[in-house]
Amino acid sequence: MSRVVAITGASGGIGRAAAREFARRGDRLALLARGEAGLAGAAAEVRELGAEVLTIPIDMADPDRVEAAVARIEEELGPIAVWVNVAFTSVFARFDDITPAEYRRATEVSYLGYVYATMSVLKRMRARDAGTIVQVGSALAYRGIPLQTAYCGAKHAIQGFHESLRCELLHERSPIRVTMVQMPALNTPQFSWVLSRLPQHPQPVPPIYQPEVAARAILYAADHPRRREYWVGASTVATLAANALVPGVLDRYLGRTGFASQQTGDLRIDGDPVNLWEPADGPGGRDFGARGVFDDRAHAHSPQQWLAQHYPQLAAAGALLAGGLAVLGLARRR
């Protein structure tokens, strides 16, 4: 039976790739984003896969419009079974080079947009005691890096918000599930449209993964939401482990390497699109698609992701194997 799945930030990047994954499952989709050109492209892709789709151009920083969008989705498609928060915007710059207005804008979209959407959809899920909310995070929800104070601050805030809300739902013994998916560096259009004051073109810190890796993780999390969070990519696991064990060492390492590793070496071109205030894929813009400009360096698969999703079965198989070997060894001694 098809579900109603709503995805914010669906015009490009992770949200766009996730829409295709849910469409292949036969779900009915509500796609929300500011960029109308990107939304039209995303809608065409999921229709080709046979999915029913509703597109809603929206700025997720406006709580009244978010509430109206959620009401419209439920009226036109039906009760929302899965809500996926992805939408964000940011600024690539030293902290001193970001204005208060830019910081506020990045925070309103990237953090409060998650909060407003969760508020609106959760009250409807509570009324029917059913539903799943997936918060798309990042390794940077735990580990801040230079040149991304606005983004890291927002992701840290989402992490705290997610944990608090999850505790409240557990206290209530609610059947509604919230889970978070912590992403690695991804090849998305972010690096072609983010407001940047760096001298060189920005890039994700290698290793880089394709957005389809993230999309498959989101689909799995939506289907298995009891786990509090998922880590995607070996680099995410390594970063979070290092941050837990030797955070001071990681501070110094990133202080030395974090500036160069986030720039390509090619000078940034004045006049590049900027999506902080207006969508780069809106009227007069173009459809950027799901992938960015780093195809030749991006991994299409993550073995770690498969292991993370199957570790209970692997642990059980390991326990059975160990038990069998123990019994065999005892039999031989006898």
Side-chain angles (χ1 to χ4, degrees), residues 1-33 39 42-43 45-47 49-56 58 60 66-88 113-137 158 161-162 165-166 168-170 174-183 211-230 232 290 305 308-309:
M1 183 176 180
S2 68
R3 306 168 295 181
V4 175
V5 177
I7 305 171
T8 74
S11 63
I14 298 173
R16 178 100 167 233
R20 296 196 296 259
E21 291 296 322
F22 285 103
R24 291 187 182 99
R25 290 278 298 271
D27 291 319
R28 288 166 286 157
L29 297 175
L31 306 182
L32 300 88
L39 273 179
E45 288 176 355
V46 299
R47 286 192 183 104
L49 295 168
E52 180 182 356
V53 60
L54 170 67
T55 60
I56 302 180
I58 186 174
M60 297 303 296
V66 170
E67 171 65 20
V70 174
R72 181 183 171 193
I73 294 166
E74 297 230 328
E75 180 180 344
E76 296 190 24
L77 291 182
I80 297 168
V82 178
W83 185 279
V84 183
N85 277 316
V86 183
F88 79 96
Y114 278 46
V115 174
Y116 298 151
T118 301
M119 279 182 176
S120 291
V121 74
L122 182 59
K123 64 184 178 183
R124 291 168 170 84
M125 290 179 172
R126 284 186 188 278
R128 49 186 176 262
D129 264 347
T132 295
I133 301 172
V134 180
Q135 315 286 18
V136 173
I158 294 165
F161 162 65
H162 162 67
L165 176 59
R166 186 171 187 272
E168 292 180 9
L169 292 172
L170 289 171
S174 172
I176 299 166
R177 304 299 176 190
V178 292
T179 188
M180 193 164 177
V181 187
Q182 312 297 10
M183 298 299 182
E212 289 81 9
V213 173
R216 291 192 293 270
I218 291 168
L219 179 67
Y220 187 87
D223 288 345
H224 304 83
R226 288 182 175 274
R227 196 183 303 182
R228 71 191 300 270
E229 65 180 13
Y230 290 86
V232 181
Q305 183 182 351
Q309 292 173 357

Can you see which heavy atom on Gly9 is nearest to which on Ala87, and at what distance? N-CB, 3.6 Å
I need the Leu170 CG to Leu165 CG distance, nearest 0.5 Å. 9.5 Å
Minimum-distance pair of heavy atoms, taken over all atoms of Met60 and Tyr116: O-CD1, 3.6 Å
I'd like to know if the side chain of Thr132 reaches the main chain of Val82, judged simply by a donor and an acceptor atom lying under 3.5 Å from each other, with no hydrogens or angles considered. no
So which heavy atom on Pro175 is nearest to which on Asp129, and how close? CG-O, 3.1 Å
Does some side-chain heavy atom of Phe22 sit less than 4.5 Å from a side-chain heavy atom of Arg3? yes
Ile7 vs Ile218 side-chain heavy atoms within contact, under 4.5 Å: no
Answer whether the closest heavy-atom distance between the side chains of Asn85 and Ile158 falls below 4.5 Å. no
With a 3.5 Å distance limit and no angle check, can you tell me whether Arg177 reaches the backbone of Pro225 through a side-chain donor-acceptor pair? no
Between Glu67 and Lys123, does at least one N-O distance fall below 4.0 Å, as a salt bridge requires? yes
Do you know which two heavy atoms are closest between Ala69 and Ile56, and how far apart they sit? O-CD1, 3.9 Å
Are Leu219 and Arg24 close enough that some pair of their side-chain heavy atoms sits under 4.5 Å apart? no
Checking Arg16 side chain against Ser11 main chain: does a donor-acceptor pair fall under 3.5 Å? yes
Euclidean distance, Glu75 CD relative to Leu54 CG, rounded to 0.5 Å: 10.5 Å
Are Glu52 and Ser2 linked by a side-chain donor-acceptor pair shorter than 3.5 Å? no
What's the shortest heavy-atom distance between Val4 and Pro79, and which atoms? CB-O, 3.3 Å
Which heavy atom in Val66 sits nearest to a heavy atom in Ser120, and how many Å separate them? CG1-OG, 4.1 Å
Value for CG (Leu39) from CG (Leu32), rounded to nearest 0.5 Å, stands at 7.5 Å
Do any N or O atoms from the side chain of Thr8 and from the backbone of Val86 form a donor-acceptor pair under 3.5 angstrom? yes
Here the gap from Met180 atom CE to Phe161 atom CZ, rounded to the nearest 0.5 Å, amounts to 10.0 Å
Can you find a pair of side-chain heavy atoms, one from Trp83 and one from Ile73, that are under 4.5 Å apart? yes
Look up atom CD in Gln135 and atom CZ in Arg166, then write down how far apart they are to the nearest 0.5 Å. 12.5 Å
If you define the side chain from C-beta out and look only at heavy atoms, does anything of Arg25 sit under 4.5 Å from Val5? no
Heavy-atom side-chain proximity of Arg124 to Ile80 below 4.5 angstrom: no
Taking the side chain as every heavy atom from C-beta outward, state whether Leu49 and Glu45 have any pair of such atoms under 4.5 Å apart. no
Output the distance between atom CD1 (Ile133) and atom OG1 (Thr118), rounded to the nearest 0.5 Å. 5.0 Å
